[in-house]
Amino acid sequence: MATLSFNSTRIKSPSLQSHKPFSKSHFSTKPNNVPFLFPSKTHPQLHRFKPNSISESSVSVPEEAFDDAEEDDPTSELSYLDSETDPSSVTEWELDFCSRPILDIRGKKIWELVVCDSSLSLQYTKYFPNNVINSVTLKDAMETISEDLGVPLPEKVRFFRSQMQTIITKSCKELGIKPVPSKRCLSLLLWLEERYETIYMRHPGFQKGSKPLLALDNPFPMELPENLFGEKWAFVQLPFSAIREEISSLDERFVFGAGLDLDLLGIEVDDNTLIPGLAVASSRAKPLAAWMNGLEVCSVEADTSRSCLILSVGISTRYVYATYKKTPTSTSEAEAWEAAKKACGGLHFLAIQEDLDSDDCVGFWLLLDLPPPPL
């Protein structure tokens with residue numbers, strides 16, 4: 001059984017921490033009529049996806065998860081670093097700088113800077129009036145975080161709003177920080193969702209029904225660059241126990257890819273639950289995996305209306321990753337794969353291997369398809 005809920009025990013209270021396969025499938029327009037298999041002698045085998053074979057699972061957010069936060073002052077700001085965390089180990093930040101559904105005394109929307117690291121060991125929030133939103137303000141705020149919390153400026157800053165890319169990029173580059181546009185800001189995204197319910201909705205200036213000023217982009221998918229072409233693909237599934245083994249061995253086996261801190265994200269999945277995924281085979285798997293590794297892979301989506309797979313990377317880049325012949329069978333299988341992904345709380349994976357007889361993956365990404373935050 002899969003249960004998805006944000007690990008609220010990692011969220012600090014402002015009041016307490018004040019200012020401290022298809023057998024005929026192909027990639028893009030390159031046809032491939034060879035059925036895809038994923039054999040493995042040394043690792044659990046990826047099974048062909050079967051519409052009714054995914055273990056039944058449920059997704060829920062416990063109502064009591066944020067009971068303690070109900071006492072928080074919604075106007076408070078937060079500046080926190082876990083006392084057990086080595087400040088030098090916090091090398092990457094996740095950042096959002098955007099308006100909130102809250103009006104100030106002038107009747108203007110308040111802006112807020114929210115910063116954390118992937119483990120939520122660092123947490124920072126600060127409100128701003130809308131007439132000081134620029135790269136200088138953001139640069140100064142990032143320096144303040146570093147000074148107040150005694151942490152070095154990060155090597156990288158991930159952010160997920162394309163509309164703020166100019167301001168964030170300029171601020172980061174002036175500080176010698178690498179800006180990384182990416183929707184793999186999962187701790188930040190889930191924290192924002194939690195703050196919407198426990199902080200913003202309780203703020204005296206909250207405006208119910210207010211539309212996001214900077215809505216997330218969902219552009220029309222583009223043609224896949226040639227260097228990302230695979231040769232064969234298939235919908236597959238893997239027991240969650242094998243997923244954990246694959247993720248834990250990424251560094252050990254020098255495999256390209258990325259995992260997720262499922263404990264932090266509050267994802268509890270039975271070891272026998274079959275997680276849906278996409279397997280890709282290529283004779284140039286290592287270069288392919290290397291290229292993919294630099295793309296901030298976010299999710300894979302089966303688009304039955306276009307009879308294709310959509311690969312989402314970065315903030316708003318979407319590619320037609322593969323296409324298939326539309327038939328009742330193929331449509332049914334794609335719909336079942338999407339349903340299985342939804343039943344697992346959006347959890348799925350992308351695996352790349354060298355050929356049909358290869359024992360190992362050369363690339364493995366654990367992915368989580370989350371809805372956009374409500375602000």
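- For the pair Tyr321/Leu350, a side-chain contact is recorded, criterion being any heavy-atom separation below 4.5 Å from C-beta on.
- Side-chain contact between Pro101 and Tyr196 is present, with heavy atoms from C-beta onward closer than 4.5 Å.
- Both Val114 and Met201 are part of a single hydrophobic cluster, where members link through side-chain heavy atoms under 4.5 Å apart.
- Below 30°, between 30° and 60°, or above 60°: for His348 and Trp337 the angle between ring planes is above 60°, a perpendicular geometry.
- Contact between Phe364 and Ala351 at its shortest, heavy atoms only, is CD1-CB, 3.9 Å.
- Across all non-hydrogen atoms, the minimal contact from Glu338 to Glu301 is OE2-CA, 3.4 Å.
- Taking every heavy atom of both residues into account, Phe256 and Ala289 meet most closely at CD1-CB, 3.6 Å.
- Side-chain atoms of Ser118 and Glu92 form no donor-acceptor pair, as typed in the model, at a separation below 3.5 Å.
- Considering all non-hydrogen atoms of both residues, Gly345 and Leu368 come closest at O-CD1, 3.3 Å.
- The two residues Leu367 and Ser299 have their closest heavy-atom pair at CD1-CA, 3.9 Å.
- Phe97 and Phe159 have their aromatic ring centers separated by at least 6.0 angstrom.
- For Thr169 and Gln165, the side-chain atoms include no donor-acceptor pair closer than 3.5 Å.
- Counting heavy atoms from C-beta outward, Glu193 and Pro373 have side chains that stay 4.5 Å or more apart.
- Every residue two or more places apart in sequence or in another chain that forms a side chain to side chain donor-acceptor pair (under 3.5 Å) with Asp303 is listed here: Ser305, Arg306.
- Remark: the backbone N or O of Ile315 is paired with a side-chain donor or acceptor of Lys183 at under 3.5 angstrom.
- Here the side chain of Glu94 pairs a donor or acceptor atom with the backbone of Leu188 at under 3.5 angstrom.
- Considering every non-hydrogen atom in both Tyr127 and Glu77, the closest pair reads N-OE2, 2.8 Å.
- Among Leu347, Val297, Leu250, the one residue that satisfies the side chain to side chain contact (heavy atoms under 4.5 Å, CB included) test with Leu366 is Leu347.
- Within the structure, every pair that satisfies the salt bridge (charged side-chain N to carboxylate O under 4.0 Å, His left out) test and touches residues 361-375, not counting sequence neighbours, is listed here: Lys341-Asp369.
- Side chain to side chain, Ser121 and Ser119 meet the donor-acceptor criterion of an N or O pair below 3.5 Å.
- Residues Thr137 and Asp140 bring no donor and acceptor atom of their side chains to less than 3.5 Å of each other.
- Transitive grouping of hydrophobic side chains (ILVMFWY, heavy atoms separated by less than 4.5 Å) keeps Val180 and Val151 in distinct clusters.
- Counting heavy atoms of neighbouring residues, nucleotides and ligands inside a 6.0 Å radius, atom CD of Glu155 does not exceed 12 of them.
- Glu231 is listed as a side-chain neighbour of Ser283, based on a closest heavy-atom distance under 4.5 Å.
- Under the 3.5 Å distance criterion, the side-chain polar atoms of Ser248 are matched with a main-chain donor or acceptor of Glu245.
- Listed by chain and residue number, nothing satisfies the side chain to side chain donor-acceptor pair (under 3.5 Å) test with Thr91 (two or more places apart in sequence, or in another chain).
- With hydrophobic clusters built from ILVMFWY side chains whose heavy atoms lie under 4.5 angstrom apart, Leu138 shares a cluster with Val132.
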